[in-house]
Engineer: 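Take this structure first; my questions come after.
Bear in mind that the values here come from a model prediction, so they are computed numbers and not experimental data.
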Amino acid sequence: MIWKKLAMLGAILFAALQLSAGGLQAADNSAVSLEGIKLAQPSPEQAKALELLPEALRPYYVGYWMLAQIGENPYANWQPPKAPWKFCYNDSYQGNSWRQEALARYKALVADYQKEGRASGDLVVTNSNNDINVQLSQLNNLVREGCNVILSIPSSPTGLCSGIKDAHDKGVLVVTVESPVTCPDAINVGFNEYFVAAKTAKWVADSLGGKGNVFLVNGIPGLAPTLARHQAALDVLANFPDIKVVGEVEGQWTPSIAKTNTLKFLATHPQQIDGVVDSGLAAVSVWQAFEQFGRPLPKINGFVGECSYLAYVKEKGLPVYSASQSGSAAIRTGFEVATRMLDGQKPVVSTLLMPLPEITPANFDQWYKPDMTVQSSCFADPPDGRRVSPEFLDQYFTKG
Amino acid sequence: MTKSLLIAYALIPVLFVLIMVMIPGFGTWPSIVSLLVIASLLGIASIGQTLTVLLGGIDLSIPAIIGLANVLTVRWYGAGIPFPLVVLMVVGIALAIGALNGILSRLLDAHPLLVTLAVSFMVLGAVLVYTEGQTIGTVPDYLLAAVSPAGHTGPIPVPPIVVMWFALTIILVLLEQYSVIGRLLFATGANEHSARLALVPVNLIWTLAFAASAGCSAIAGILLAGFSGGADASVGQPYLFMTVAAVVVGGTALLGGSGSYGRTFAGTLLITQITTLLIGLGFSDRIQQIMLGLLIIGLVALYGRESHVRNQI
């Protein structure tokens with residue numbers, strides 16, 4: 001018995017050490033610096049909301065208003081229920097690898113809690129197939145069924161508000177993951193689209209030595225993340241007078257569409273292209289289009305950390321920089337925020353926006369796995385499975 | 001009839017010269033081949049739409065069948081099944097689903113708009129259930145090469161997909177013009193009631209046309225797996241309206257009975273050229289859609305509105 005406990009303690013200590021090392025690296029030795037770069041400026045009202053945050057966190061919230069709102073912690077007076085807790089998942093879609101990886105991780109985290117006697121029963125899951133009305137009624141059902149914690153990926157920033165308010169009134173903790181809502185009663189956990197996109201664009205500019213022709217690949221038209229990422233790229237590149245944005249291509253975060261539109265773009269743009277700023281999942285398709293045109297490969301960032309990107313840069317020996325938006329790490333961050341709140345910690349604001357881990361030449365080998373190929377549809381997991389270190393996450397909370 | 005056909009084909013070189021003039025540097029061999037590859041994907045997906053529109057129907061399940069074929073191809077080949085067998089299985093499943101589209105439309109006497117929409121929901125749902133959202137797998141290198149603008153067909157510096165599309169076009173036009181089944185297709189589309197009285201096997205013709213439509217969509221889905229190198233159940237989405245647009249821009253009447261795949265061939269090339277020109281001029285996707293809408297209205301005006309064949313004596 002005692003050996004078992006000692007071994008477990010050892011394992012936990014070892015894991016904690018590793019995590020803090022990895023986390024500090026992400027926070028301090030970032031491969032790309034935004035220092036001296038002129039970025040979006042907040043209005044007086046937006047600047048006032050930022051004052052709710054500790055000063056150290058404010059740089060990570062630059063441009064937050066393009067995708068989220070910051071308010072006071074709606075659960076400030078909440079009395080967390082006693083363990084074991086019932087964990088639930090109000091998902092909006094499960095038809096891609098990202099969502100599947102998130103679901104699998106959430107199930108595993110709850111299973112671990114169950115073994116420790118801190119979760120009652122398996123994870124309860126609903127899926128609305130991107131129908132916001134269905135998702136709302138599923139949310140209401142979860143509240144009726146007695147869930148203590150509901151992680152949700154809402155398919156609209158407003159559609160769940162009545163259900164979230166009702167849950168909040170009944171003492172149920174609702175945490176949105178990766179897609180913040182505008183209503184004040186939820187805790188939102190996600191990454192700052194603007195900040196991350198600004199870094200990817202900065203990397204492209206840096207790797208070109210601040211000079212050359214660049215085009216942008218955009219996401220699905222009309223969505224807040226698309227607009228925030230696009231604005232960030234334009235804002236950063238405007239700092240480089242010798243970089244010329246020669247056009248934009250709609251990739252819609254879909255490789256086949258990105259490839260079709262890049263081929264059309266290359267057919268009509270004979271000038272040399274030195275760099276491409278990808279806002280997600282297009283890099284490999286864009287490179288392949290260049291290859292098929294027989295044109296030299298430009299520098300392209302990754303945005304999501306898709307396995308195919310890692311496999312391609314490895315195969316071709318290209319310079320690498322990608323954010324990592326793995327689904328499994330995303331849900332884990334949401335879960336950690338929820339469990340910290342169950343343990344009595346209080347978030348400083350309603351919306352917790354974080355940076356994303358960065359894949360760089362220095363840590364590439366920790367991310368890359370030999371079974372990744374150019375055709376893989378997976379997303380590389382952070383070596384420690386986390387988006388930010390526990391110490392970094394501490395900054396978002398006051399101890400209760 | 002022939003006037004609109006002439007207009008469509010005359011517009012192709014006119015547009016090409018226009019792009020050459022407006023976009024300096026356009027007209028290189030890789031540019032032309034790239035456009036042909038993109039047009040081939042749309043063209044092959046539009047074969048089925050043309051056949052069902054000729055019957056006075058429409059096929060809304062094309063994107064779903066493309067997605068199904070795309071995901072299953074990558075998955076099954078990745079699981080070690082030989083590629084020719086994968087193609088046979090995928091096309092076989094698609095033919096069965098397409099036949100079901102045709103049979104249900106006739107048996108229920110329901111517009112194929114409803115039937116194919118319902119079937120496409122079922123197909124996409126089934127794909128997600130079967131794959132559990134995981135789109136793992138791989139495609140053979142020669143499939144990648146077959147749809148790469150840098151590919152070769154034997155000694156010809158044009159990738160096989162383009163050669164295949166041209167060959168399919170010739171076969172289809174010959175079938176439409178000279179075969180019994182082509183005549184029966186037009187007879188059914190022109191006036192189903194009279195066709196029945198003339199002992200045309202209307203139900204069989206519908207079943208065959210919708211099966212062929214799904215079969216061609218499956219081929220497009222397989223080729224798209226080579227084009228993007230991975231699987232995606234939603235890869236067919238752009239092909240819902242684009243296939244209808246290719247049919248309409250070519251000048252095939254949506255009411256059925258008049259038109260041909262030869263027209264859709266021209267329509268496909270025209271649409272590809274126009275969207276390329278718009279990208280070349282730096283217009284966004286939304287502006288491209290507005291322009292495409294204007295083009296369709298403009299062409300309808302240019303082609304002239306003829307009364308339905310059934311009302312022409």
Side-chain angles (χ1 to χ4, degrees), chain A residues 93-104 127 129 215 218 220-222 245-271 281-282 284-285 288-295 306-308 311-312 371 373-378, chain B residues 19 22-35 37-38 41-42 70 74 78 124-125 127-128 131-139 144 147-151 159 224-225 227-238 272 275-286 288:
Chain A
Y93 186 64
Q94 288 177 349
N96 59 43
S97 321
W98 194 94
R99 298 283 185 136
Q100 289 295 326
E101 288 170 18
L103 176 64
N127 169 21
N129 239 328
F215 71 82
N218 297 323
I220 294 175
V245 179
V246 294
E248 301 190 11
V249 164
E250 296 226 358
Q252 302 191 8
W253 301 323
T254 308
S256 56
I257 294 178
K259 184 142 177 205
T260 304
N261 287 337
T262 305
L263 286 173
K264 287 179 183 172
F265 184 88
L266 292 180
T268 49
H269 291 77
Q271 67 264 54
L281 294 172
V284 173
S285 310
Q288 286 173 340
F290 274 85
E291 266 188 85
Q292 291 166 2
F293 257 80
R295 291 169 66 161
E306 60 273 31
C307 302
S308 55
Y312 193 89
D371 61 351
T373 73
V374 174
Q375 294 165 18
S376 299
S377 65
C378 58
Chain B
I19 304 176
M22 291 178 80
I23 316 259
F26 177 80
T28 61
W29 186 244
S31 302
I32 295 169
V33 179
S34 294
L35 295 201
V37 167
I38 292 166
L41 288 166
L42 175 58
N70 186 264
V74 175
L124 269 187
V127 171
L128 291 182
T131 61
E132 296 178 326
Q134 300 280 21
T135 45
I136 37 169
T138 176
V139 289
L144 296 173
V147 289
S148 159
L224 272 166
F227 186 66
S228 63
D232 179 0
S234 60
V235 72
Q237 250 157 27
T272 310
T275 50
T276 304
L277 174 65
L278 295 174
I279 285 184
L281 295 175
F283 288 115
S284 73
D285 227 31
R286 274 144 292 174
Q288 291 175 40

Engineer: Side chains of A/Asn218 and A/Glu248: is there a donor and an acceptor less than 3.5 Å apart?
Structural biologist: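 Indeed, the side chains of A/Asn218 and A/Glu248 share at least one donor-acceptor pair under 3.5 Å.
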Engineer: Does A/Thr268 have any side chain to side chain contact (heavy atoms under 4.5 Å, CB included) partners at least two apart in sequence or in another chain, and if so, which?
Structural biologist: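 Expected list: B/Ile23, B/Phe26, B/Thr276, B/Ile279.
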Engineer: Is a side-chain N or O of A/Asn261 found less than 3.5 angstrom from the main chain of A/Val249, in a donor-acceptor match?
Structural biologist: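 Judged by distance alone, no pair lies under 3.5 Å.
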Engineer: Is B/Pro149 close to chain A through its backbone or its side chain, or both, or neither, when contacts mean heavy atoms under 4.5 Å?
Structural biologist: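 Answer is both: backbone and side chain atoms of B/Pro149 are under 4.5 Å from chain A.
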Engineer: Out of B/Gly151, B/Gly280, B/Ala225, which one racks up the most heavy-atom pairs below 4.5 Å with chain A?
Structural biologist: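 When all of B/Gly151, B/Gly280, B/Ala225 are compared, B/Gly280 has the most.
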Engineer: With a 4.5 angstrom heavy-atom cut-off, is it the side chain or the backbone of B/Pro24 that approaches chain A, or both, or neither?
Structural biologist: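 It is the backbone, since no side chain atom gets that close.
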Engineer: In terms of heavy-atom pairs under 4.5 Å, which option from A/Thr260, A/Leu266, A/Ile257 contacts chain B the most?
Structural biologist: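 Among A/Thr260, A/Leu266, A/Ile257, the one with the most close pairs to chain B is A/Thr260.
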Engineer: Any chance the side chains of B/Thr275 and B/Gln288 put a donor and an acceptor closer than 3.5 Å?
Structural biologist: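 Distance-only check fails for B/Thr275 and B/Gln288.
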Engineer: If I measure from the heavy atoms of chain B, does A/Gln271 come under 4.5 Å with its side chain, its backbone, both, or neither?
Structural biologist: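 Answer is neither: A/Gln271 stays 4.5 Å or more from chain B.
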Engineer: At a heavy-atom separation under 4.5 Å, does B/Val139 approach chain A through its side chain, its backbone, both, or neither?
Structural biologist: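 Both parts, backbone and side chain.
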Engineer: Provide the closest heavy-atom pair for A/Cys307 versus A/Ser376 in the form atom of the first, atom of the second, distance.
Structural biologist: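 Residues A/Cys307 and A/Ser376, closest heavy atoms: CB-CB, 3.7 Å.
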Engineer: For chain A, which of B/Gly27, B/Ser31, B/Ser228 has the most heavy-atom pairs under 4.5 Å?
Structural biologist: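 Ranked by contacts with chain A, first place is B/Ser31.
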Engineer: Going through the distances and angles, do A/Gln375 and B/Leu144 end up as a side chain to side chain contact (heavy atoms under 4.5 Å, CB included)?
Structural biologist: CA-CA 11 Å; A/Gln375 294 165 18; B/Leu144 296 173; 3.6 Å; yes
Engineer: If you count heavy-atom pairs under 4.5 Å with chain A, which of B/Ala150, B/Ser148, B/Gly78 comes out on top?
Structural biologist: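 Between B/Ala150, B/Ser148, B/Gly78, the count favours B/Ser148.
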